[in-house]
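Atoms considered below: every heavy atom in the structure, side chains included; atoms not considered: hydrogens, waters and symmetry mates. Position 1 is the first residue of the sequence; numbering continues from there. The shown structure was predicted, so the numbers you read here are calculated from the model rather than taken from an experiment.
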Amino acid sequence: MKVLILAGGFGTRISEESHLRPKPMIEIGEMPILWHIMKIYSHYGFNDFIILAGYKQHIIKEWLANYFLHTSDITFDFSNDKQEMIVHQKHAEPWKVTVVDTGLNTMTGGRVKRAKQYIGDEPFMLTYGDAVGNINIPELLEFHEKQGKIGTLSVYNFGQDKGVLEVGKHGRVEAFREKSDIDGDLINIGFMVFEPQIFEYIDGDETTLEKEPLNKLVELCELNAYLHKGFWQCMDTIREKEKLERLWASESCPWKEWE
């Protein structure tokens with residue numbers, strides 16, 4: 001099954017980094033967050049990727065083209081006019097990666113639609129290029145297949161980070177308590193699965209996946225939510241990037257489940 005990764009946005013909320021490179025190429029532990037996402041899927045045996053690129057898409061292509069240079073020891077021998085490059089301990093992932101230039105201003109649904117020719121008439125997975133988590137991919141797929149719907153979203157409860165007031169009738173405060181995981185709203189965290197029928201609900205480049213197509217699936221009772229109870233974190237701000245950096249450097253990085 002193919003894995004699509006949305007990697008074409010401008011990343012304006014983390015412009016300190018994204019003015020130089022696309023957001024999925026911002027590094028966590030000296031490797032792009034895109035690499036971390038691909039490693040999550042690869043851990044479970046999913047190695048066929050389609051990168052839905054746009055803004056500064058050439059940087060993603062150049063990084064993949066030179067991947068072995070980033071992960072191997074290299075000798076550059078210029079002696080005696082050799083001009084030779086020797087790769088030592090070459091390491092390559094078992095990946096097949098298609099990078100699709102889906103346009104600079106194309107919306108998320110339009111980006112997915114532009115990749116249809118590479119997907120074929122088969123189910124596919126889709127996620128965002130700016131978040132990691134210890135998602136159990138086989139469990140997610142099993143859930144999707146059992147429900148028999150067109151789409152499945154992974155959802156997550158971020159909880160509440162402030163004290164909580166319980167307010168009753170006429171505005172009377174009935175209780176003040178500490179935060180609890182039950183106080184947060186469920187959010188879509190990506191790690192989605194779709195049947196090919198999803199393309200019928202995407203008109204073109206101006207279509208935002210999270211609006212018309214998903215709302216139509218809701219109306220048709222064709223969208224389910226898989227509740228993820230483990231770790232998940234997006235990287236929208238420098239503060240969140242620094243948090244991910246600290247976790248990656250720790251002895252128990254929660255999304256690093258590969259060797």
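- A 4.5 Å side-chain heavy-atom check between His144 and Lys149 finds every atom pair outside the cut-off.
- The same ILVMFWY cluster, assembled from side-chain heavy atoms under 4.5 Å apart, contains both Trp63 and Val132.
- Between Phe49 and Trp95, the ring planes lie perpendicular to each other; the angle is over 60°, past the 30° to 60° tilted range.
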Using the rule given for salt bridge (Lys or Arg N to Asp or Glu O under 4.0 Å), can you reason through Asp203 versus Lys113, listing the C-alpha separation, both sets of side-chain angles and the distance that settles it, and then say yes or no? CA-CA 8 Å; Asp203 290 333; Lys113 186 109 177 192; over 6 Å; no

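- Remark: the backbone N or O of Phe231 is paired with a side-chain donor or acceptor of Asn134 at under 3.5 angstrom.
- Taking both residues in full, the closest heavy atoms of Glu27 and Glu245 are given as O-OE2, 3.3 Å, listed atom of the first, atom of the second, then distance.
- Interatomic distance, CG of Leu52 versus CG of Leu126, reported as 7.0 Å (0.5 Å rounding).
- Criterion: ILVMFWY side-chain heavy atoms under 4.5 Å apart, direct or through other members. Under it, Ile74 and Ile86 are not part of a common hydrophobic cluster.
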Evaluate the criterion side chain to side chain contact (heavy atoms under 4.5 Å, CB included) for residue pair Ile50 and Val100; output intermediate values, then yes/no. CA-CA 7 Å; Ile50 299 176; Val100 182; 3.8 Å; yes

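- For Glu206, the CD atom is loosely surrounded, since the number of other residues' heavy atoms within 6.0 Å does not exceed 12.
- The distance from atom CG of Leu140 to atom OG of Ser154, rounded to the nearest 0.5 Å, is 4.5 Å.
- Electrostatic pairing of Lys216 and Glu222 does not count as a salt bridge here, judged by no charged N lying under 4.0 Å from a carboxylate O.
- Across all non-hydrogen atoms, the minimal contact from Thr127 to Ile189 is OG1-O, 4.3 Å.
- Between Asn157 atom CG and Leu227 atom CG the span is 8.0 Å, to the nearest 0.5 Å.
- Within the 4.5 Å cutoff, side-chain heavy atoms of Leu153 are placed close to those of Leu223.
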Apply side chain to side chain contact (heavy atoms under 4.5 Å, CB included) to residues Thr75 and Glu84 and explain how you reach the verdict. CA-CA 8 Å; Thr75 296; Glu84 183 179 11; over 6 Å; no

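- Checking Asn136 against His228 by side-chain atom types alone, no donor-acceptor pair falls below 3.5 Å.
- In this structure, Lys241 NZ and Cys234 SG are separated by 14.0 Å, a value rounded to the nearest 0.5 Å.
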List the steps and the verdict of side chain to side chain contact (heavy atoms under 4.5 Å, CB included) for Asn215 and Glu219. CA-CA 6 Å; Asn215 282 326; Glu219 180 184 327; over 6 Å; no

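- The environment of Lys211 atom NZ is sparse: at most 12 non-hydrogen atoms of other residues, nucleotides or ligands sit within 6.0 angstrom.
- Taking the six-membered ring wherever Trp is involved, the centroid distance between the rings of Tyr156 and Tyr226 does not fall below 6.0 Å.
- Note on ring orientation: taking the six-membered ring where Trp is involved, the planes of Trp258 and Trp35 are perpendicular (angle over 60°, cut-offs 30° and 60°).
- For Glu195 against Pro123, the heavy-atom pair with the smallest separation is OE1-CG, 3.5 Å.
- Leu4 and Met107 are not part of a single hydrophobic cluster, where members link through side-chain heavy atoms under 4.5 Å apart.
- Remark: side-chain polar atoms of Arg111 are paired, donor with acceptor, to backbone N or O of Gly103 under 3.5 angstrom.
- Residues Glu257 and Lys39 are not paired through a salt bridge, judged by the lack of any N-O separation under 4.0 Å between the basic side chain and the carboxylate.
- Within the 4.5 Å cutoff, side-chain heavy atoms of Trp255 are placed close to those of Trp248.
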Output, in order, the C-alpha distance, side-chain angles, deciding distance and verdict of side chain to side chain contact (heavy atoms under 4.5 Å, CB included) for Glu139 and Phe143. CA-CA 6 Å; Glu139 187 177 276; Phe143 175 86; 5.8 Å; no

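- For the residue pair Thr152/Asn224, the side-chain donor-acceptor check at 3.5 Å is not satisfied.
- Between the side chain of Thr102 and the backbone N or O of Ala53, at least one donor-acceptor pair lies under 3.5 Å.
- When side chains are defined from C-beta on, Ile135 does not count as touching Tyr41, because their heavy atoms never get closer than 4.5 Å.
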Give the intermediate values and the outcome of side-chain hydrogen bond (donor to acceptor under 3.5 Å, both in side chains) for residues Asp77 and Ser79. CA-CA 6 Å; Asp77 189 353; Ser79 62; 2.5 Å; yes

Can Ser42 and Glu93 be said to form a side-chain hydrogen bond (donor to acceptor under 3.5 Å, both in side chains), step by step? CA-CA 9 Å; Ser42 186; Glu93 305 288 350; 5.0 Å; no

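- Under the 4.5 Å side-chain criterion, counting only non-hydrogen atoms from C-beta, Ile119 is in contact with Phe199.
- No salt bridge links Lys61 with Asp101; every basic N to acidic carboxylate O contact stays at or beyond 4.0 Å.
- Within 6.0 Å of CG on Asp121 lie no more than 12 heavy atoms contributed by other residues, nucleotides or ligands.
- Counting non-hydrogen atoms of other residues, nucleotides and ligands closer than 6.0 Å to CD of Glu122 gives a total above 12.
- Atoms CD and CD1, from Glu212 and Ile202 in turn, are 10.5 Å apart once rounded to the nearest 0.5 Å.
- Closest heavy-atom contact between Ile59 and Leu20: CD1-O, 3.5 Å.
- No close placement of the Phe46 and Phe124 rings is indicated, their centers lying 6.0 Å or farther apart.
- For the side-chain contact (heavy atoms from CB on, under 4.5 Å) test with Ile14, the passing option among Thr237, Asp130, Ile26 is Ile26; the others fail.
- In this structure, Met125 and Phe191 have side chains that are not in contact, with every pair of non-hydrogen atoms separated by 4.5 Å or more.
- Within the 4.5 Å cutoff, no side-chain heavy atoms of Leu244 are placed close to those of His36.
- Here the closest non-hydrogen pair linking Met235 and Ile28 is SD-CD1, 3.8 Å.
- Counting all heavy atoms, side chain and backbone alike, Lys23 lies closest to Ile33 at O-CG2, 4.0 Å.
- Between Thr207 and Pro213 the shortest side-chain heavy-atom distance falls below 4.5 Å.
- Scored by the salt bridge (Lys or Arg N to Asp or Glu O under 4.0 Å) test, Glu200 finds no partners at all (sequence neighbours excluded).
- Phe76 and Phe78 have parallel rings, their planes meeting at less than 30° on a 0 to 90° scale where 60° marks the start of perpendicular.
- Atom CG of Leu104 is separated from atom NZ of Lys56 by 10.0 Å, given to the nearest 0.5 angstrom.
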